[in-house]
2 protein chains.
Amino acid sequence: MGDLKKRSECPISSSLDIWGDKWSLLIVRDLMFAKQCTYGDFLKSDEKIATNILASRLQMLEENGVVIKQDHPDSKAKVLYKLTQKGIGLLPLMLEINLWADKYLTIPADRKAILEEVKKDKEGFIKVKTVELMERLELK
Amino acid sequence: MGDLKKRSECPISSSLDIWGDKWSLLIVRDLMFAKQCTYGDFLKSDEKIATNILASRLQMLEENGVVIKQDHPDSKAKVLYKLTQKGIGLLPLMLEINLWADKYLTIPADRKAILEEVKKDKEGFIKVKTVELMERLELK
DNA sequence: ATTTGCACTTGCAAAACGCAAGTAAAATTA
DNA sequence: TAATTTTACTTGCGTTTTGCAAGTGCAAAT
């Protein structure tokens, strides 16, 4: 289904071929900043992604090594999605998107507050958050 | 045509509503790293964007204040596209995409070389490049 | 005066999207 | 134990977007 055909060798282009659509980075966002992510959890997000689109994007991201599926500890009916190292590596990019939006768009006050933290010590924030995500990934 | 309907208040989502497709950031890339950008110049890029898609994306980016059209100094038949401040503000994001691709995808050797510069002094690179783009914007 | 260059626009088939409904297995409830 | 609900998808189908080719109109060059 979501098989990758590169349009060029350009790193920007190659990256966009993987997650350059309106939905993929929202999935990554949920995986980065929500406590836990099952299929149903993604559907609860404000943007209201359609179920078939969600399925195809998750498959695409999995095929490209950005996310992995894991067994849910509580139930066989549930699936836990998590970011791989490659997915966690998108953190700096996600922060820059937030900072750009903060500067040039209108964003909610509570988000602005969190971004103040990031602006104060970007490298520190990335380190701490990366460790958190890596630990979350470990406990299989 | 390209009128913006926000899916949510989330900064990531709002940003993607503007440039979150397979082509917009390639246009921004050309504006950032090529010497000059007319309509025809964009068409020459490796990814071979279709003429109608290019027109709709340029309109969308212009409507959202990311690019502006200027008269070409040499000819009335030509149009020069340039990044606005808002567009120039995408530089850190573009660099992070490059760095992610460098780490997790396969990219050409000559690109890797330039990225070594960026890795050495990211803040410095951003400052210098921003000044360059601002100057380019001035000379109307 | 005619041709070429440039910035688009138009038409149309193919693909992707988005909504609603359906399915199958697991978990819960009666 | 049987019936219902939850969970993770899949399927159908109408609408929208994409991508390719061809066309248009103005400016510049020949």
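So that the names make sense, note that chain A is the first sequence line, chain B the second, and so on, each numbered from 1.
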Trainee: With nearest nucleotides of DNA chain C determined for A:Ala77 and A:Ile49 from heavy-atom distances, which residue corresponds to the more 5′ nucleotide?
Mentor: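 Closer to the 5' end of DNA chain C: A:Ile49.
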Trainee: Under 4.0 Å between any heavy atoms, over every strand shown, what does B:Tyr81 touch: base, sugar-phosphate, or nothing? Just pick one.
Mentor: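 Sugar-phosphate: the residue B:Tyr81, judged by heavy atoms under 4.0 Å, touches backbone atoms but no base.
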Trainee: Go through residues 8-36 of chain B and report each residue with a non-hydrogen atom lying under 4.0 Å from DNA chain C, sorted by number.
Mentor: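 Nucleic-acid contacts, sorted: none.
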Trainee: Nearest nucleotide by nearest heavy atom, which residue falls closer to the 5' end of DNA chain C, B:Thr51 or A:Ala50?
Mentor: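 The answer here is B:Thr51.
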Trainee: Using the heavy-atom set of chain A and a strict 4.0 Å cut-off, write down the first and last nucleotide of DNA chain D that makes it in, 5' to 3'.
Mentor: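 Extent of the interface on DNA chain D: D:dT7 to D:dG12.
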Trainee: At a heavy-atom distance below 4.0 Å, which nucleotide of DNA chain C is the first touched by chain A, and which is the last?
Mentor: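 Span of nucleotides near chain A: C:dC17 to C:dA27.
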Trainee: If every non-hydrogen atom of B:Glu47 is compared with every non-hydrogen atom of A:Ser8, which pair is closest and at what distance?
Mentor: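 Looks like OE2-OG, 2.6 Å.
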Trainee: A:Lys86 side chain to A:Asn64 main-chain N or O, any donor-acceptor pair under 3.5 Å?
Mentor: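 Indeed, once roles are kept as given, a pair shorter than 3.5 Å links the two residues.
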Trainee: Would you call B:Glu138 and B:Lys82 a salt bridge, taking side-chain N to carboxylate O under 4.0 Å as the test?
Mentor: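 Salt bridge absent between B:Glu138 and B:Lys82.
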Trainee: Side chain to side chain donor-acceptor pair (under 3.5 Å) with B:Ser14: which residues, sequence neighbours excluded?
Mentor: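 Counting only residues at least two positions away or on another chain, B:Ser14 forms no side chain to side chain donor-acceptor pair (under 3.5 Å).
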Trainee: For B:Asp46, give me all partners under side chain to side chain donor-acceptor pair (under 3.5 Å), at least two apart in sequence or on another chain.
Mentor: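 B:Asp46: no side chain to side chain donor-acceptor pair (under 3.5 Å) contacts found.
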Trainee: Return the set of residues passing side chain to side chain donor-acceptor pair (under 3.5 Å) with B:Asp21 (not counting sequence neighbours), or none when no residue passes.
Mentor: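 In terms of side chain to side chain donor-acceptor pair (under 3.5 Å), with neighbours along the sequence ignored, B:Asp21 is linked to B:Ser24, B:Arg57.
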Trainee: Please determine whether salt bridge (charged side-chain N to carboxylate O under 4.0 Å, His left out) holds for the pair B:Lys120 and B:Glu116, giving the CA-CA distance in whole Å, both sets of side-chain angles, and the decisive distance to 0.1 Å.
Mentor: CA-CA 6 Å; B:Lys120 246 177 251 170; B:Glu116 284 309 311; over 6 Å; no
Trainee: Show the nearest heavy-atom pair for residues A:Tyr39 and A:Thr51, with the distance to one decimal.
Mentor: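 Heavy atoms of A:Tyr39 and A:Thr51 come nearest at OH-O, 2.6 Å.
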Trainee: Looking at B:Lys6, I want to see if its NZ is surrounded by more than 12 non-hydrogen atoms of other residues, nucleotides or ligands under 6.0 Å.
Mentor: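 Count over threshold, so yes.
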Trainee: If every non-hydrogen atom of A:Gly65 is compared with every non-hydrogen atom of A:Thr84, which pair is closest and at what distance?
Mentor: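 Residues A:Gly65 and A:Thr84, closest heavy atoms: O-OG1, 2.5 Å.
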